[in-house]
Amino acid sequence: MQSYNLQELDAHKISAIQAVWIKELEANSDSLIQLSSSVFEIILSQKSYGVLTKRHNKDTYMAVVDSDTGKVDAIVCIIFSKLGSSSTCKIMDIYHAPHISNLEDEMYNKKYYEILLSVLANMLQINQTTKFGVTKIYARDDAAQKTIQAIDSDSNKSLLKDIGFEMNLLGRHWLEFKKI
């Protein structure tokens, strides 16, 4: 499985990623250019970046960086909240770089799964440091819903319990990991 790191963003990094992603887009993909531009504009205008654990109850966007190539393969939107000894990490959305989005279905699904699992592992590490921690993955579309269903069915639940988490599929849209 591919190894990824989560990196904090700032205005300069966001603009640099946007420039790279726009260059990667095909010349006839105007809709993708508009989508990429609007996502980046929203992140910048709302200043939705910085230290995740210091941005309580706010969308925080982070770069998902391939540890081998140094390329940003995705940007993830996470909401972190903390109340006393309880913390919640919600993985809300993942925007894939054009070099990932343009992959054939089978390879795209594999990358989607790897990226999501890497983000999840980072969020579980954050919740390991609190007494009561919950990590939730939101599945907005069909691909995301299939991915969380696959994680739910393929995961070794006893291994998760060994590291201190219980996993529950909450309807079609949420997969929850609760610290036990």
Side-chain angles (χ1 to χ4, degrees), residues 1-10 14 39 42-43 46-67 72-97 100-101 105-180:
M1 188 164 102
Q2 187 67 42
S3 175
Y4 290 97
N5 299 311
L6 280 184
Q7 290 182 0
E8 293 172 8
L9 292 172
D10 59 30
I14 293 165
V39 168
I42 289 168
I43 296 169
Q46 295 178 358
K47 295 187 170 133
S48 299
Y49 51 82
V51 180
L52 176 67
T53 56
K54 293 184 180 182
R55 293 181 43 81
H56 300 278
N57 296 316
K58 296 179 183 175
D59 288 352
T60 303
Y61 291 82
M62 300 184 77
V64 183
V65 180
D66 183 319
S67 56
V72 176
D73 281 359
I75 292 177
V76 61
C77 177
I78 301 167
I79 299 173
F80 174 81
S81 61
K82 185 167 180 163
L83 183 61
S85 60
S86 178
S87 66
T88 302
C89 296
K90 295 178 186 172
I91 303 167
M92 299 303 295
D93 223 335
I94 298 176
Y95 300 92
H96 295 97
I100 300 296
S101 295
D105 285 349
E106 188 176 321
M107 191 60 174
Y108 173 79
N109 290 336
K110 180 181 180 220
K111 284 290 191 184
Y112 186 101
Y113 194 81
E114 289 174 351
I115 289 168
L116 181 59
L117 288 180
S118 292
V119 173
L120 174 61
N122 279 278
M123 296 306 102
L124 292 177
Q125 281 182 329
I126 289 171
N127 279 333
Q128 280 285 42
T129 64
T130 62
K131 188 172 181 179
F132 305 103
V134 175
T135 299
K136 293 182 177 183
I137 302 171
Y138 179 67
R140 183 177 314 278
D141 57 23
D142 288 342
Q145 289 170 16
K146 287 178 186 173
T147 302
I148 67 169
Q149 290 167 0
I151 292 170
D152 181 55
S153 63
D154 296 346
S155 295
N156 183 337
K157 293 187 171 97
S158 64
L159 178 62
L160 277 169
K161 283 191 178 194
D162 290 347
I163 61 169
F165 286 94
E166 176 181 272
M167 180 175 58
N168 297 302
L169 189 59
L170 306 174
R172 293 180 337 170
H173 295 284
W174 289 101
L175 183 62
E176 176 185 74
F177 296 82
K178 190 182 293 188
K179 188 171 179 188
I180 51 175

Heavy-atom side-chain proximity of F177 to I151 below 4.5 angstrom:
yes
Under the side-chain contact (heavy atoms from CB on, under 4.5 Å) criterion, do D93 and V76 qualify, and how do the steps go?
CA-CA 6 Å; D93 223 335; V76 61; over 6 Å; no
If you round to the nearest 0.5 Å, how far is [atom2] of [Y] from [atom1] of [X]?
X	Y	atom1	atom2	answer
I115	L6	CD1	CG	10.5 Å
I75	I43	CD1	CD1	5.0 Å
N127	T135	CG	OG1	3.5 Å
N122	I78	CG	CD1	7.5 Å
I137	K90	CD1	NZ	13.5 Å
E114	D66	CD	CG	9.0 Å

How far apart are the closest heavy atoms of [X] and [Y], and which atoms are they?
X	Y	value
G50	T60	O-CG2, 3.9 Å
E176	K136	OE2-CE, 3.3 Å
Y49	D10	CD1-CA, 3.6 Å
K47	R55	O-NH1, 3.3 Å

Atom pairs and distances, donor-acceptor, side-chain atoms in residues 161-175, under 3.5 Å, two or more places apart:
| residue | atom | partner | partner atom | Å |
| --- | --- | --- | --- | --- |
| E166 | OE2 | N168 | ND2 | 3.4 |
| H173 | ND1 | A139 | O | 2.8 |
| H173 | ND1 | Q145 | NE2 | 3.3 |

Given the rule in the side-chain contact (heavy atoms from CB on, under 4.5 Å) test, do E8 and M62 qualify, once you have shown the distances and angles that lead to the verdict?
CA-CA 5 Å; E8 293 172 8; M62 300 184 77; 4.2 Å; yes
Taking atom NZ of K179 as the centre, does the number of heavy atoms from other residues, nucleotides or ligands within less than 6.0 Å exceed 12?
yes
CG of L83: more than 12 outside heavy atoms within 6.0 angstrom?
no
Go through the structure and list residues passing salt bridge (Lys or Arg N to Asp or Glu O under 4.0 Å) with D152, not counting sequence neighbours.
K157
Which donor-acceptor pairs under 3.5 Å do side chains of residues 105-112 form with protein atoms, sequence neighbours excluded?
| residue | atom | partner | partner atom | Å |
| --- | --- | --- | --- | --- |
| Y108 | OH | H96 | ND1 | 3.3 |
| N109 | ND2 | D105 | O | 3.3 |
| K111 | NZ | Y4 | OH | 3.4 |

